[in-house]
Amino acid sequence: MAGFISQESIEAVKNAADIVSVVSEYVKLDKRGSDFWGCCPFHGEKTASFHVVPDRNAYYCFGCHAGGSSAIKFIQDIEKVSFPEAVDILAKKFAITLTYTDKGDSQTKFDDSKKKTIELYDRVSSTFHFFLTQHPSGKKALEYIKGRGISDETIEKFRIGYSPEDRYWLHRFLKEKNFSDEFLAKSGLFSQNYQNVSFFSDRLMFPIFNRHGECVAMGGRILHAQGENDRKYLNSRELPHYSKKNTLYAFNFARDEIRLKKTAIICEGYMDCIAYHQSGIKNAVATCGTALTEDHIKLIAQTTSGGTVLLSFDSDGAGQEATRKSIFLCRRAGLTVKIVRLRGGKDPAEIMVNYGAQTLTEDVNGAIIDSDYLFENLTHKYPIDTPEGKTKVALEFFPYIDALQNNIQKESSLDLLCQKLNISRQAVERDFNNRQQAQKQTVVTQKVAPVQDFSKLKKNPEIKLLLAVISDTQHFDSVRRELNEDEFETAEAKELFVVLEECAQKGNLSFSNVCEHCGSEELVRFITESVMSGEYATNTAKIVSDGIQLIKQKGLERQRDYILSRIRELGTPEQPEKKDELQQLLHEIMNINNLINSKKE
Ligand SMILES: [Zn+2]
C-alpha cells in the first residue's frame, strides 16, 4: 500500500527512536558524562570523534562534520535511504505500526515497492530452503552441499536453498499467491526476456541478506553443468533495493565479531565465507560477484574502527590480481592488510573438510602482512639480481607506498624495498620522488564546488547570541522581547532568528525541530557542530545578555549615523519646515547619545 506516512506516525517514531540505541547498532558507543562517543561510522577512524548527545537527540562528528538532530536523519545518512524509508526502518525496530493517509508531501510519500520486493525475496528464499531441506526434488542438491561438509545447522543459519528445475514453477506459484505480473517483472527473479521464466533454476541457492537480516538478493550455484556456457554462479542483478557495490555477503552474521576483533576476513565466494563461519571464524564476509569496492571497504573500515582486513582470495591469477588491487584500496582507507594463505587446499571449504577447522584457524592466524606478500610475488615475477629486474620490482612496489596513509609506514616500506633489493636508500628515494613528481604534473586538479563557509561566522556576535539560544532555548523569550528580525545585520543570523521565531510560535523549540526548519544542510551542520562543542553550555545567560546589549548598541549607532548624515545634508536651512526637522533631529540625537552612553555604563 503506497501512500503518505501520517504525521502521527512520524511523531510516534520520532518519540520512540532514541538516538543512542539507534546509533549503537552501527557504532560502539562509550558513555562519557551524559554524552556518548564512538568511532565515526561515516569515515574510517581509530580514535572516537563521533559525539552523540541523547538530550538533544543529536549526533556530530568532529572529524568529517557529519551530523544531524534525529535518529531519522542518522538512518537516512547511514542507510542512504529517503526520509519515509528511514521512518519505516525505525518503525520496524521500535515496533510502531505506521498509518498512512492519502494526502501529504514528497517528504512523507512512501513508495513501498522496495519493501514489498524485499518481502518477496524473503519469502522465495524460504521456499527454496524448504525445497532443499524437505522436498524430494532438492535431494541431490542437499547431498552435494553435505558432501562439501556443510552442516544442517549452517544450512539453516544461511537459509541455503534449492531452486526447482521447472523454470515456470516460481511464476505459477507466485501468481497463485496473487502477485501481479507487473510487480514480478520488476522483481529480478525472472528472465528479462521471458517474464514467466525463473532466473534461477536447478541451482543451489544462497540468499544474500542486508544488515537487518532480510533477504535482498540471491546467488545460485550450478549443480549440473550441461553446456560450456553454463555459468558456475549466477547472481541477482542490481535492483532499486540491492546494490552489489555496497553489499557484503554474511555481513549481518559477521558484524558483531568484526567489531569485537576489529578485524574482518574478506573472501570471494559464498561457500568460502560459509566454511569460515562453520569453522568458528565468524568475522568473514564475501563480495557478491563483484570486485571489492570502495563502499565495501568503507563499511569494513567503519566496523573495524580502522582495524585490519584479511584478504582470502583464490590463489589463481585472477585471485592474485584481485588481492593486489584490494591491498591498495584497503591501505588507502587506512586499514592494515594481511593475506591469508591456505595450506593444502584450494579453498576454505576444502580445507575444512580435509583438515578440519583447526587448520583453517591456523591459516588465518598465520596471515602475512601485505608488503611481504607483494614482495614475494614480485620477486617470483622478476629476477632481482639484475638492474632491470630490480627496477621493475621497485616500480610495481611504489604504488603500495603511495597507498599507505602515514609517513612512518611509508618510510619503513622504502627501507624494506632497499633492503630486499640491496640498493642504497638514496637511489630508491630519488626514483620514488621523481615518479611522484611526474604523476603530480599529469594529475588535473579537480575543482571542488565552494561550500558556504559558516566557520567564519563563529565570531559574529549576532550568530554567537543565537547559538547560545539554540543551546539553551529558555533564553529565547528575552531575545524576542528585546530584538526583532530587522535588528540583525547578518543574513545568516536573520535566517536563524526567523527559524527560532517559527519554532517558538509552534511551541517546539527542540534542537531537532530547529534543525529541521533550517534552509540548508551546511547551516544545520554548523549549528550542530557549534552546539555540540559545548562552547555555549556554560555562561549561556551572560552570552545572551551581552549579545542583546551589543546588538541594541549597534542598532542605536546605526540610527545615530543615519540621523547625523541627515543633519549634515540639511546644513543651515532657511525654510521653516526644514528648521523644524533639524530641531527634531537634534533632539533625537541627544536622546540616542544618552541611550548609548547609559548602555556603556
Ligand atoms: Zn566522521
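Since this is a predicted model, take the numbers as computed values, not measurements. Read the numbers this way: they start at 1 and go in the same order the structure lists the ligands and their atoms.
The existence of a salt bridge linking Glu529 and Lys458 is confirmed by a sub-4.0 Å separation between a basic side-chain nitrogen and an acidic carboxylate oxygen.
Note: Phe209 and Tyr121 fail the aromatic proximity criterion, with ring centroids not under 6.0 Å apart. Centroid-to-centroid, the aromatic rings of Phe158 and Phe206 stay 6.0 Å apart or farther.
Between Val53 and Phe511, the closest side-chain pair of non-hydrogen atoms is not below 4.5 Å.
The set of protein atoms (N, O or S) found at less than 2.8 Å from the Zn ion (ligand 1) reads Cys40 SG, His43 ND1, Cys61 SG, Cys64 SG, by chain and number.
Using a 3.5 Å distance cut-off with no hydrogens or angles, the side chains of Asp77 and Tyr59 do pair a donor with an acceptor. Side-chain N/O atoms of Asp18 and Ser21 include a donor and acceptor closer than 3.5 Å.
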